S.K.: 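Below is one structure. I have some questions about it.
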2 protein chains.
Amino acid sequence: MSDEKPQYNIENAKSQMRKGFLEFPVLLIIGAKPTYAPDILKQLKNANLLVVEGTLYPLLSRLKSSGLVEYEWQESKSGPPRKMYTMTEQGKEILQQLEASWKSLDDSVNTLIKHYEKSN
Amino acid sequence: MSDEKPQYNIENAKSQMRKGFLEFPVLLIIGAKPTYAPDILKQLKNANLLVVEGTLYPLLSRLKSSGLVEYEWQESKSGPPRKMYTMTEQGKEILQQLEASWKSLDDSVNTLIKHYEKSN
DNA sequence: ATGTGGTACTTTGTATTGCAAGGTACCTTA
DNA sequence: TAAGGTACCTTGCAATACAAAGTACCACAT
């Protein structure tokens, strides 16, 4: 009989660490400058927040239907038209709140890290 | 006809911002000092990471069955026995990796925030 | 005109997680 | 024995990330 103990998967953990999180960085990116999906993917990749199409497109749809962003079709010189996303006023307000939430979370975790390190 | 646009729920967003995240703070808490569930809940609450029993107990079970933590029953003076959780060696190793992941995530997000603020 | 490759957007199914709500069991004290 | 507090656990649901596959548009070479 094998041990049956499920092995811990650090890659999965890294992915999970981002779960439900992406909305905030995506709003930051769109808020900084109107963009379209493949460019957002590149910016996330540059920021070490690796995300795939199957994650981003539904997320953009949710942001759109919540009224936080909107888009306009824009022609491209090198392919099919693009959905250029921009922030709405409501999006900007929500982004402020998300930023406050992030800072609170950031403080909390960094405090716990300090406690942990002090104890070792 | 109403607008049908689903309203954006900031409370849900805050909750989602923590999704898949809790494992890390919980490991930090157990790593700092052996504890049991209700005490972990208190520490999370103090750190502004509000979590409920129904979240924590299954999480502890997962950590246990992955071998990152273990527990021993300990008698209490004021109620039923407690499961006192401690870190395993493997848990300490994983925690190091999670901390590195956190720092990377932290950097990424804070960089995106700076970009966003610079553009406004 | 045709096909090839690249770009952009979408959808489906699965696994995982947080949470609300309810339940079980132990212990102390009146 | 009853009541209240403490501790642990389970079930069903909603939300999310992801892999994988699909659709459609466009430019360019043949």
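In what follows, every chain begins at residue 1, and chains take the letters A, B, ... in the order their sequences are listed. Predicted model, so just to flag it, every value in this text is computed and none were measured.
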S.K.: Looking at B:R82, does any N or O in its side chain come under 4.0 Å of the phosphate oxygens OP1/OP2 on C:dC27?
M.R.: no

S.K.: Classify A:T55 by what it touches in the nucleic acid, base, sugar-phosphate, or nothing, heavy-atom distance under 4.0 Å.
M.R.: base

S.K.: Base, sugar-phosphate alone, or nothing: which one does B:G20 contact when heavy atoms must sit under 4.0 Å apart?
M.R.: sugar-phosphate

S.K.: So, the side chain of A:S108 versus the backbone of B:A47: is there a donor-acceptor pair under 3.5 Å, distance only?
M.R.: yes

S.K.: On DNA chain C, compare the nucleotides closest to A:G54 and A:S78; which residue's is nearer the 5' end?
M.R.: A:S78

S.K.: Evaluate the ring planes of A:F21 and B:F21, with Trp represented by its six-membered ring, and classify them as parallel (under 30°), tilted (30 to 60°) or perpendicular (over 60°).
M.R.: parallel

S.K.: How long is the line joining OH of B:Y36 and C1' of D:dC9, in whole Å?
M.R.: 17 Å

S.K.: If I take atom NZ in residue B:K83 and atom P in nucleotide D:dT6, what distance separates them, rounded to the nearest angstrom?
M.R.: 20 Å

S.K.: Are any of B:Y57's side-chain N or O atoms less than 4.0 Å away from OP1 or OP2 of D:dC8?
M.R.: yes

S.K.: Quick check on DNA chain D: between A:L59 and A:G79, whose nearest nucleotide comes earlier from the 5' end?
M.R.: A:L59

S.K.: For the CD1 atom of B:I40 and the OH atom of B:Y57, what is their distance to the nearest 0.5 Å?
M.R.: 9.0 Å

S.K.: Can you measure B:E75 atom CD to D:dC8 atom P for me and round it to whole angstrom units?
M.R.: 13 Å

S.K.: For the base of D:dC8, is there a side-chain donor-acceptor partner from B:E53 under 3.5 Å away?
M.R.: yes

S.K.: Would you kindly give the CD-to-C1' distance between A:Q16 and D:dA15, to the nearest whole Å?
M.R.: 12 Å

S.K.: How many angstroms lie between atom CD of A:Q16 and atom CZ of B:F24, to the nearest 0.5 angstrom?
M.R.: 15.5 Å

S.K.: Check every atom of D:dC18, C:dC27, C:dA20 against the side chain of A:V51 and return the nucleotide holding the closest atom.
M.R.: D:dC18

S.K.: Could you tell me how far apart A:L22 (CG) and D:dA17 (P) are, to the nearest whole angstrom?
M.R.: 5 Å

S.K.: Roughly, in whole Å, what's the span from CG in B:N9 to P in C:dG18?
M.R.: 18 Å

S.K.: Starting at the 5' end of DNA chain D and moving along, which residue's nearest nucleotide shows up first, A:P80 or A:F21?
M.R.: A:F21

S.K.: Whole-Å distance between D:dT16 C1' and A:L63 CG?
M.R.: 13 Å

S.K.: Are A:K64 and A:Y71 in a cation-pi setup, meaning NZ or CZ lies under 6.0 angstrom from the ring centre and within 45 degrees of the ring axis?
M.R.: yes

S.K.: In whole angstrom, what separates A:L56's CG from C:dA8's C1'?
M.R.: 12 Å

S.K.: For A:R62 and D:dA14, is the shortest distance between a side-chain N/O and OP1 or OP2 below 4.0 Å?
M.R.: no

